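Before any comments, here is the structure.
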Amino acid sequence: MNTFHNNKKPIGVFDSGLGGLTVVKALRKRLPNESVVYLGDTARVPYGNKSQKLIQEYSLQIADFLISKGAKMIVVACNTASALAIEALKESVSVPVVGVIESGVVAAMKSTQNKHIGVIGTIATISSGTYRETLVRQDDHVVVASKECPLFVPLVEEGWLTGPATEMIVREYLDTMKKDSIDTLILGCTHYPLLKPIIQKIMTDNVTLVDSAEAIAETTADILSNNSLAVNLSTAGSLQCYVTDLPARFEDVARRFLGEKIPRVQTVHL
Ligand code: DGL
C-alpha cells in the first residue's frame, strides 16, 4: 500500500545563540516546504567554555521546549552541544535527534584525498575529542589535527567578519594547522562559516573547508524521509524563532542573515 505522508509539524533547531542560523539557512534552502522552530539560548551563550553537565542540562531543557512547540525532530545546530550532549538527548527525547558532528565528519571523509583532516572548534568541542573519535571510527588511517579557536565566536558575534584585526587573529590560530599538511578543514563551530572567506584565504585553495551546516541539512532530509516525517506541501514552510534574551538584536541579525521576513522573535524563560 502506498501511504501518503504529510507531517506539517516543524523541525526543531537549537544553538547556544546566533550561530545556528547558518544551519537554518541551509535547511531553508534544502527543505523549503518544511517549517522550522528555532531556539537560540542567547541568555546562556557561550556554551564553548562550560562543563558537560551544564551543556547537557541546557540541551535537554531546550529539546523539551521545542517538542512542546510540536517539533517532529531535533537538529542540534551547535557543535558544542553535539559533542557533549547528543547521547543524553538521544536517550531522553522521543523524536529523532541529529547533531552537526556526524554530518560534518561524513562530508570531510568524502572530501579528503590524503586523509589528513583538520578540525577547529570551541574549547569544549575540541577537548571532548568527539570529532577525532568520530573521524577515526570512520577510518583509522585518518590523521586528525585539531585546534580550539575561542576568539572566533566573539569576533562573529561582534560582526567582525573581515579586516586586519580579524585576519591577524585567524592567522595566529591557523598557522600551526597549515604545517600539518591537511587537505580538508572542518569548521566545527556554527559561527565559523561566517569567517569562511578569511579562513579560506589563510588556508589557501589547497584546503577544502567543510561547513557542517550544509551537511546536516542533507542528513535532516534523509531522516525525515526515512521516518515518514516529511511534509508534502508546495507552499513555503514557516520559521518561528525564540531566544532566551535580547530578541531585538537576534531579529535584526536573523532578518539580515537569512534575507527573509520572519515573525517577531519571542523571548522564552526555560
Ligand atoms: N554554537 C557553538 C558551537 O557551535 C559556539 C558558540 C558557543 O560557544 O556557544 O560550538
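Being a predicted model, the structure only gives us computed values, none of them experimental. Counting starts at 1 for both ligands and their atoms, following the listed order.
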*Using a distance-only test with no angle check, is there a side-chain donor-acceptor pair under 3.5 angstrom linking Thr112 and Asp183?*
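On atom types as modelled, these side chains qualify, holding a pair under 3.5 Å.
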_Can you see whether Ser103 engages Ser212 through a side-chain donor-acceptor pair at a distance of less than 3.5 angstrom?_
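Result is no, nothing qualifies.
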*Please say whether the positively charged group of Lys147, taken as NZ for Lys or CZ for Arg, lies over the ring of Tyr173, i.e. under 6.0 angstrom from the six-membered ring centre and within 45 degrees of the axis.*
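Ring-cation test returns no.
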*Please check if the side chain of Lys110 supplies one atom and the backbone of Val106 the other of a donor-acceptor pair under 3.5 Å.*
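Here the side-chain-to-backbone pair does not exist.
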*Thr166: what forms a side-chain contact (heavy atoms from CB on, under 4.5 Å) with it, not counting sequence neighbours?*
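Counting only residues at least two positions away or on another chain, Thr166 forms a side-chain contact (heavy atoms from CB on, under 4.5 Å) with Leu155, Trp160, Val170, Leu195, Ile198.
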*Kindly say whether the aromatic ring centers of Tyr242 and Phe65 come within a distance under 6.0 Å.*
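Aromatic pair counts; centres sit under 6.0 Å.
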When you pair each N or O of ligand 1 with protein N or O atoms, which pairs come out under 3.5 Å?
from     : atom 1 : to     : atom 2 : distance (Å)
ligand 1 : 1 (N)  : Asp15  : OD1    : 2.6
ligand 1 : 1 (N)  : Ser16  : OG     : 3.1
ligand 1 : 1 (N)  : Thr190 : OG1    : 3.0
ligand 1 : 4 (O)  : Asn79  : N      : 2.9
ligand 1 : 4 (O)  : Thr190 : N      : 3.0
ligand 1 : 4 (O)  : Thr190 : OG1    : 2.9
ligand 1 : 8 (O)  : Tyr47  : N      : 3.3
ligand 1 : 8 (O)  : Gly48  : N      : 2.8
ligand 1 : 9 (O)  : Ser16  : OG     : 2.6
ligand 1 : 9 (O)  : Tyr47  : N      : 2.6
ligand 1 : 10 (O) : Thr80  : N      : 3.2
ligand 1 : 10 (O) : Thr80  : OG1    : 2.7

